[in-house]
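Working notes, structure below.
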Amino acid sequence: MEETEARAGGDLKWSRETIPKVLRIVGTRLPQRDLISLLLVSPWIHRTLVSCSSLWLVLDFRETNNAGNRLVAALSLREHLMMGSSPFCCAGMFRYQHVKQINLEFAQDIEDKHLDLLKTKCLDSLQELESLNLNVCQKISDRGVETITSACPKLKVFSIYWNVRVTDIGMTHLVKNCKHIVDLNLSGCKNITDKSLQLIADNYPDLELLNLTRCIKLTDGGLQQILLKCSSLQSLNLYALSSFTDEAYKKISLLTDLRFLDLCGAQNLSDQGLCCIAKCKNLVSLNLTWCVRVTDVGVIAIAQGCTSLEFLSLFGIVGVTDKCLEALSRSCSNMITTLDVNGCIGIKGRSRDELLQYFPYLRCFKVHS
């Protein structure tokens, strides 16, 4: 009898203490669908999961099908439970009430109409949203951007990579509705123009990360507005933009906090412009791939000015020689861990062993295939 009672007590303790601890750990790794399914297993599992508020701060539908309907359903679940007959409805009413992050990257079947539904049915659940990833959601248009940003006043991170429907009109809605953006990814938004950059520059002086990869309609004028007014930038991605000139590149020197700079394909960047960029003394990562006008003069300036450099790609630059490696070795030999000099025919010592003599902490020798 005593043994049975002891076993029962142990089982009760296991159920009340151990399993909830396990669920809190496992719950952070479960897909949303599985997490919601667990709620229906038993009342104590339901209470355990609901009490762990961190489980309900993120909605991740990356690469999922029917993502629009799933997102609306997940954020509407609170209302359904409150009105339904579930015995757990009272405990469930707070789930997703304060969601912080929504990831829809590469999600399928997400359209403007779903964002309309979110605003109509789930407005309260979006009030604390800080990060929204709409990367490659190519059916989202300016109207969708207007709708969702008007529901997310606390948004800080907005990413809409590779969307050709979004234009300057969408950016107008973004800056009007979301005043706290610090991380903005417009990579591949080919219909964004200098007007958008002017809006960003005027409204986001505290912007820290900006990705303008392949925004092919941009010119020096728009970029200069960013560089003049967004002085807090720490990361600037200008990958595959060949239209800018040294007139704009020189003003990158104004970004004293800049740590990441991608200038891959900057065909008009000269040593003069690069010497100005060398004033960004906090640079950690610099991509100069296919910057074909650059020579030793510019890279030596970088070596002397950017002594915290850890990542450097000179891929495809034929105008640099071993002299720039010697300069980099003198100032950055204990820092650089990634260096790509493939295609730099002027550098004779390009083998792994030769590069390691210059940079003993080098771990990556090839960035581009």
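As the structure is a prediction and not an experimental result, all values here were calculated from the model.
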Identify all side-chain donor-acceptor contacts of residues 154-166 below 3.5 Å with residues at least two apart in sequence or on another chain.
{"from": "K154", "atom 1": "NZ", "to": "E128", "atom 2": "OE1", "distance (Å)": "3.1"}
{"from": "K154", "atom 1": "NZ", "to": "E128", "atom 2": "OE2", "distance (Å)": "3.2"}
{"from": "S159", "atom 1": "OG", "to": "N135", "atom 2": "OD1", "distance (Å)": "2.5"}
{"from": "S159", "atom 1": "OG", "to": "N135", "atom 2": "ND2", "distance (Å)": "3.2"}
{"from": "S159", "atom 1": "OG", "to": "N185", "atom 2": "ND2", "distance (Å)": "3.3"}
{"from": "N163", "atom 1": "OD1", "to": "R165", "atom 2": "N", "distance (Å)": "2.8"}
{"from": "N163", "atom 1": "OD1", "to": "V166", "atom 2": "N", "distance (Å)": "2.9"}
{"from": "N163", "atom 1": "ND2", "to": "C137", "atom 2": "O", "distance (Å)": "3.2"}
{"from": "N163", "atom 1": "ND2", "to": "I140", "atom 2": "O", "distance (Å)": "3.0"}
{"from": "R165", "atom 1": "NE", "to": "Q138", "atom 2": "O", "distance (Å)": "3.3"}

Checklist entry - So H368 and F315, would you call those rings parallel, tilted or perpendicular, with 30° and 60° as cut-offs? => result tilted
Checklist entry - For atom NZ of K176, is the number of surrounding heavy atoms from other residues, nucleotides or ligands below 6.0 Å larger than 12? => result no
Checklist entry - Are any non-hydrogen side-chain atoms of V175 and I181 less than 4.5 angstrom apart? => result no
Next on the checklist: Within the 4.5 Å heavy-atom criterion, are I102 and L104 side-chain neighbours or not?
Outcome noted: yes
Item to check | Test: R70 cationic atom under 6.0 Å from F61 six-membered ring centre, within 45° of axis | outcome: no
Checklist entry - Does any non-hydrogen side-chain atom of F260 lie less than 4.5 Å from one of L236? => result no
Next on the checklist: Heavy-atom count check: over 12 atoms from other residues, nucleotides or ligands less than 6.0 Å from Q272 CD?
Outcome noted: no
Next on the checklist: Surrounding CD1 of I169 (heavy atoms of other residues, nucleotides or ligands, distance under 6.0 Å), is the total greater than 12?
Outcome noted: no
Item to check | Donor-acceptor side-chain pairing of D142 and T167 below 3.5 angstrom | outcome: yes
Item to check | OH/Y358: more than 12 non-hydrogen atoms of other groups inside 6.0 Å | outcome: yes
Checklist entry - With a 4.5 Å heavy-atom cut-off, do Q101 and D60 have their side chains touching? => result no
Next on the checklist: Tell me every residue that passes side-chain contact (heavy atoms from CB on, under 4.5 Å) with R330, counting only those two or more places apart in sequence or in another chain.
Outcome noted: E326, A327
